[in-house]
Amino acid sequence: MLLMGSTAAQIAKVNDMDKMREEQKRLSPHIKLKKPVIRQRVETKYTFHKLSVINEFPFPDKAYRLLERLRDDRGIQAIMKDRQWSVGELIELTPFEASILGYNRNAGQLIAVRLRTDDLSGFRHYDSIRKVLLHELTHNVWQEHDDRFHALNRQLNKDVISLDWTAHGGHTLDHNSYYNPQDEEDDDIDHPSYEAGVYRLGGTSDKKSDDIESRRAQLARAAISRLTKKEEKEMDEGCGS
């Protein structure tokens, strides 16, 4: 609509705008709108769906971080996804259960693992806790501690390293051993002395040591990560499943 008294320039401007609208209508069916970016969620079907710690004990935040680290461990994640295991809840086992290292309720409905040292002064070494978790995950398949159970448990302890070392930039040491550089940068929840069963080892190695000492430290760490017969027996005896 043009008002009376409009100048020629105003009339021309309005006509130009009308032409632009008509052109937009003509082209609109052919203009492809940019699709919104949809972030893909990380696979959460095969995981531990809930984490719980005992808040009445010291440093519950560190205990929770340990459970998070177990849940997010790439080796553990790969095992869970490969075997299609889903665990309802992963919880901290009360230290008052002195004779138990962990248990699995109803084939994965709930798994409990001991996080703290016997004297409650700190936390068990991550490798030790992870071995207990793998033991309890084995109960998703086999209830009794028989040859079938031990065969699967040993396989899981191999898989948790082999499925993870490339993702973390590790280096092969021999046919069965791997060294994970990230372990040297772990926070203080790993630095208290190692406690698992009846033996105790010191903390991390000196980064400034020469090649020979460095390799010895790497081999020692890889040895700790492997499941021994003694540990296997201790976990059988300390299993509440």
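All values derive from a computational prediction rather than experimental measurement.
- Within the 3.5 Å criterion, the main-chain N or O of K45 finds a donor-acceptor partner in the side chain of S86.
- In N55, the CG atom is crowded: over 12 heavy atoms of neighbouring residues, nucleotides or ligands sit closer than 6.0 Å.
- Across all non-hydrogen atoms, the minimal contact from L134 to I79 is CD2-CD1, 4.0 Å.
- Considering only heavy atoms from C-beta on, V87 stays 4.5 Å or farther from T47 through its side chain.
- Side chains of E89 and F48 form no contact here, defined as non-hydrogen atoms less than 4.5 Å apart.
- Residues satisfying the side chain to side chain donor-acceptor pair (under 3.5 Å) criterion with D146, sequence neighbours excluded, are R148.
- In the model, H145 has a side-chain atom that pairs as donor or acceptor with a side-chain atom of H135 under 3.5 Å.
- The nearest pair of heavy atoms linking R114 to D118 is NH1-OD1, 4.3 Å.
- Nearest approach of I100 to L93, heavy atoms of both residues: O-CD2, 3.3 Å.
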Does L163 form a side-chain contact (heavy atoms from CB on, under 4.5 Å) with D82? I'd like the steps, not just the answer. CA-CA 10 Å; L163 294 174; D82 182 59; 5.6 Å; no
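- Scanning for side chain to side chain donor-acceptor pair (under 3.5 Å) contacts around Q109 gives N106, with sequence neighbours left out.
- The pair R116-E92 meets the salt-bridge criterion, with a side-chain N (NZ, NE, NH1 or NH2) lying under 4.0 Å from an Asp/Glu carboxylate O.
- Side chain of T94 to main chain of F96: a donor-acceptor pair is present (N/O by atom type, distance under 3.5 Å, no hydrogens or angles).
- Nearest heavy-atom pair, F123 versus P58, reported as atom, atom and distance to 0.1 Å: CZ-O, 4.4 Å.
- Residues V53 and D61 form no side-chain contact, since every pair of their non-hydrogen atoms from C-beta on lies 4.5 Å or further apart.
- At least one donor-acceptor pair closer than 3.5 Å links the side chain of S162 to the backbone N or O of K158.
- Separating the CG atom in L133 from the CG atom in L156 is a distance of 9.5 Å, to the nearest 0.5 Å.
- A 4.5 Å side-chain heavy-atom check between L137 and N104 finds every atom pair outside the cut-off.
- Looking only at side-chain heavy atoms (C-beta outward), Y126 and L70 come within less than 4.5 Å of each other.
- Here the side chains of R130 and D73 are in contact, with some heavy-atom distance below 4.5 Å.
- Side-chain atoms of I76 and R71, non-hydrogen and from C-beta on, never get closer than 4.5 Å to each other.
- Aromatic rings from H139 and F149 are positioned such that their centres are separated by under 6.0 Å.
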Hey, mind stepping through R124 and L115 against side-chain contact (heavy atoms from CB on, under 4.5 Å) and telling me if it holds? CA-CA 6 Å; R124 295 166 60 82; L115 303 180; over 6 Å; no
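- The aromatic ring centroids of F59 and Y64 lie 6.0 Å or more from each other.
- Between the NZ atom of K62 and the CD atom of E68 there is a distance of 14.5 Å, given to the nearest 0.5 Å.
- The cationic atom of R83 (NZ for Lys, CZ for Arg) does not lie both less than 6.0 Å from the six-membered ring centre of Y46 and within 45° of the ring axis.
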Go through the steps to decide whether Y103 and V132 satisfy the test side-chain contact (heavy atoms from CB on, under 4.5 Å), and finish with yes or no. CA-CA 9 Å; Y103 63 84; V132 173; over 6 Å; no
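- Counting only distance, with no hydrogens or angles, the side chain of S121 and the backbone of T117 share no donor-acceptor pair below 3.5 Å.
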Check the pair T138 / Q143 against side-chain contact (heavy atoms from CB on, under 4.5 Å), numbers first and verdict last. CA-CA 8 Å; T138 307; Q143 183 63 30; over 6 Å; no
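- In this structure, L67 and V113 have side chains that are in contact, with non-hydrogen atoms separated by less than 4.5 Å.
- Connection of I54 to L120 is established within a shared hydrophobic cluster, with ILVMFWY side chains joined at heavy-atom distances below 4.5 Å, either directly or through further cluster members.
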